[in-house]
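Notes follow once the structure below has been shown.
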Protein chains: 2
Amino acid sequence: MPLPASPVLDSDDLTGLLHQRGQRATPQRLVILRELRRRERHATADEIGQAVREALPGTSIPTVYATLELLVELGLARRVGAGSGATLYDARTAPHQHMVCRRCGRVDDLDGEVETGALREAAGADGFHVEGVEVVMSGLCADCARRGEKERALRR
Amino acid sequence: MPLPASPVLDSDDLTGLLHQRGQRATPQRLVILRELRRRERHATADEIGQAVREALPGTSIPTVYATLELLVELGLARRVGAGSGATLYDARTAPHQHMVCRRCGRVDDLDGEVETGALREAAGADGFHVEGVEVVMSGLCADCARRGEKERALRR
DNA sequence: ATTGGTGCAAATCCTTTGCAATAGC
DNA sequence: GCTATTGCAAAGGATTTGCACCAAT
């Protein structure tokens with residue numbers, strides 16, 4: 001189950017959460033969460049790594065990956081399988097979905113909730129423990145659709 | 001094993017579709033589609049490549065990737081961003097969703113449709129041309145959930 | 001005859017692993 | 001002090017590119 005709805009959870013809460021599990025609250029972990037939250041947008045591990053290094057030089061990429069994965073497990077972040085390119089991580093709590101352009105790879109947000117109750121139930125009946133549901137729309141973003149039209153026109 | 005008759009569109013239709021776009025109906029393309037359809041399940045590019053090579057030795061991996069991507073563009077296949085590991089391709093036409101186990105990476109199907117009309121409309125209003133909607137549930141499969149319980153019990 | 005497709009090899013990109021050193025608890 | 005976590009370097013996988021050759025139209 002995702003975690004209790006708490007719109008914003010500060011770093012101290014992360015510390016507590018980790019301690020409960022017998023894990024350590026390292027500066028890297030705190031800063032990574034902070035950086036992920038600072039952006040009101042999804043980010044790649046690499047982007048987060050660069051940002052974190054400004055506050056905490058030397059922070060390594062393996063650490064960033066491990067921590068992001070840990071945050072997902074703790075319910076503090078979502079993974080977004082954009083399909084093309086790198087995995088995205090997102091700390092936004094408000095329900096929202098993603099649109100991925102298959103031409104330029106851009107990923108945009110779309111606010112709104114999707115009714116997944118029936119789906120979750122069906123999965124549960126199969127013994128699957130649902131932790132999250134990702135809805136990704138693929139297609140062409142406005143820019144690429146426009147460009148596509150042009151190209152088709154030229155070809156004639 | 002004899003080839004099951006394709007439920008929807010046979011290879012000749014692919015030929016026509018390609019010609020309409022000024023593209024060529026190569027044996028590789030026809031066999032790749034046939035192999036993807038033969039499996040009533042999602043498959044990786046590599047799996048398809050191996051199967052195709054039995055009928056058409058020498059078929060290369062870049063060709064398999066390019067063709068699968070082409071089939072997606074033609075609407076004859078779906079991409080499933082399983083998140084962990086390789087991208088999956090699926091030629092099943094019936095509406096169904098996917099469950100990905102975050103522990104063992106297994107991907108299972110779940111039949112059923114999800115109401116995405118409102119979402120598509122909202123995306124369209126943003127100028128985005130929706131081609132497909134992918135719903136992926138993540139969590140633990142029955143096996144891994146059971147194993148997880150055990151491990152937690154042992155730790156105490 | 002054109003020119004779109006293919007195969008090959010190599011490159012690129014993302015992510016994970018192994019292991020010694022470090023630092024929370 | 002114990003051991004989880006880190007950084008480093010390197011490995012590992014998946015997917016893409018560049019280019020010369022081939023084949024569908």
Side-chain angles (χ1 to χ4, degrees), chain A residues 11-12 14-33 42-50 52-53 55-74 79-89 102-105 107 155, chain B residues 11-12 14-33 42-50 52-53 55-74 79-89 102-105 107 155:
Chain A
S11 303
D12 293 316
L14 174 55
T15 300
L17 232 62
L18 288 166
H19 288 177
Q20 270 175 42
R21 304 176 24 134
Q23 293 183 292
R24 294 172 186 173
T26 65
Q28 288 88 338
R29 287 172 175 175
L30 300 180
V31 173
I32 286 167
L33 176 57
H42 38 257
T44 63
D46 196 64
E47 275 166 15
I48 294 296
Q50 278 182 254
V52 167
R53 245 165 259 126
L56 216 60
T59 303
S60 72
I61 262 297
T63 296
V64 174
Y65 274 101
T67 302
L68 288 171
E69 227 36 65
L70 176 63
L71 293 176
V72 170
E73 211 175 314
L74 291 172
R79 275 181 129 209
V80 183
S84 79
T87 301
L88 300 173
Y89 293 87
R102 72 155 149 82
R103 197 157 176 283
C104 66
V107 181
R155 212 182 297 174
Chain B
S11 301
D12 293 316
L14 174 55
T15 300
L17 232 65
L18 288 166
H19 287 177
Q20 273 175 40
R21 302 174 29 132
Q23 293 184 291
R24 295 171 187 177
T26 64
Q28 288 87 340
R29 287 174 175 174
L30 300 180
V31 174
I32 287 168
L33 176 58
H42 38 256
T44 62
D46 197 64
E47 275 165 16
I48 294 296
Q50 278 182 251
V52 167
R53 246 165 257 126
L56 217 60
T59 303
S60 72
I61 262 295
T63 295
V64 173
Y65 274 102
T67 301
L68 289 171
E69 227 35 66
L70 176 62
L71 293 176
V72 170
E73 211 176 313
L74 292 173
R79 279 182 127 206
V80 184
S84 81
T87 300
L88 301 174
Y89 293 87
R102 72 154 149 81
R103 199 156 173 283
C104 67
V107 181
R155 212 183 299 176

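Note on naming: letters A, B, ... go to the chains in the order of the sequence lines (proteins, then strands), and numbering restarts at 1 for each one.
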- Task: Starting at CG of A/L14, measure out to CG of A/L30 and round the result to the nearest 0.5 Å.
- Result: 5.5 Å

- Message: Output the rounded distance in Å from CG (A/L33) to P (D/dT5).
- Response: 16 Å

- Taking only N and O in the side chain of A/T63, is any of them less than 4.0 Å away from OP1 or OP2 of D/dG7? yes

- Task: Could you state the atom-to-atom distance from CG of B/L18 to P of C/dT6 in whole Å?
- Result: 10 Å

- Query: How long is the line joining CD1 of A/I48 and C1' of C/dT15, in whole Å?
  - Reply: 16 Å

- Please work out if B/T59 contacts a base, only the sugar-phosphate, or nothing of the nucleic acid, heavy-atom cut-off 4.0 Å. sugar-phosphate

- Taking the nucleotide of DNA chain C with the closest heavy atom to each, which residue, B/G22 or A/D46, is nearer the 5' end? B/G22

- Query: Of all the choices, D/dC8, C/dC25, D/dT6, which nucleotide is nearest to the side chain of A/P62 once you look at every atom?
  - Reply: D/dC8

- Can you find a heavy atom in the side chain of A/L70 that is under 4.5 Å from one in the side chain of A/L18? yes

- Task: Run through B/T59, B/I32, B/L33 and flag the one making a side chain to side chain contact (heavy atoms under 4.5 Å, CB included) with B/I48.
- Result: B/I32

- Task: Among D/dA14, D/dT16, D/dT5, find the nucleotide with the atom closest to the side chain of B/I61.
- Result: D/dT16

- Quick one: is D/dT6 close enough that its OP1 or OP2 comes under 4.0 Å of any side-chain N or O from A/T26? yes

- Task: Grab the CG-P distance between B/L56 and D/dA23 for me, whole Å please.
- Result: 12 Å

- Query: Is the closest side-chain heavy-atom distance between A/R21 and A/L17 below 4.5 Å?
  - Reply: no

- Heavy atoms under 4.0 Å, any strand shown: does A/A25 hit a base, just sugar-phosphate, or nothing? sugar-phosphate

- Most 5' of B/P27 and B/T87 on DNA chain D, judged by nearest nucleotide: B/T87

- Query: Mapping B/A45 and B/Q28 to their closest nucleotides on DNA chain D, which lands nearer the 5' end?
  - Reply: B/A45

- Message: Rounded to whole Å, please give me the gap between CG in B/L68 and P in D/dT15.
- Response: 10 Å

- Query: Can a side chain N or O of A/Y65 be found less than 4.0 Å away from OP1 or OP2 on C/dT15?
  - Reply: yes

- Note on the structure: Rounded to whole Å, CG of B/L14 lies from P of C/dG5 at a distance of 12 Å

- Message: Out of the candidates A/E47, A/E69, A/H42, only one should pair with A/Y89 under the side chain to side chain donor-acceptor pair (under 3.5 Å) rule; please name it.
- Response: A/E69

- Note on the structure: note: B/R21, atom CZ; C/dG5, atom C1'; distance rounded to Å ~ 14 Å

- Euclidean distance, atom CZ of residue B/R53 to atom C1' of C/dG7 [Å, nearest integer]: 11 Å

- Do the side chain of B/R24 and the base of C/dG5 come within less than 3.5 angstrom through a donor-acceptor pair of N or O atoms? no

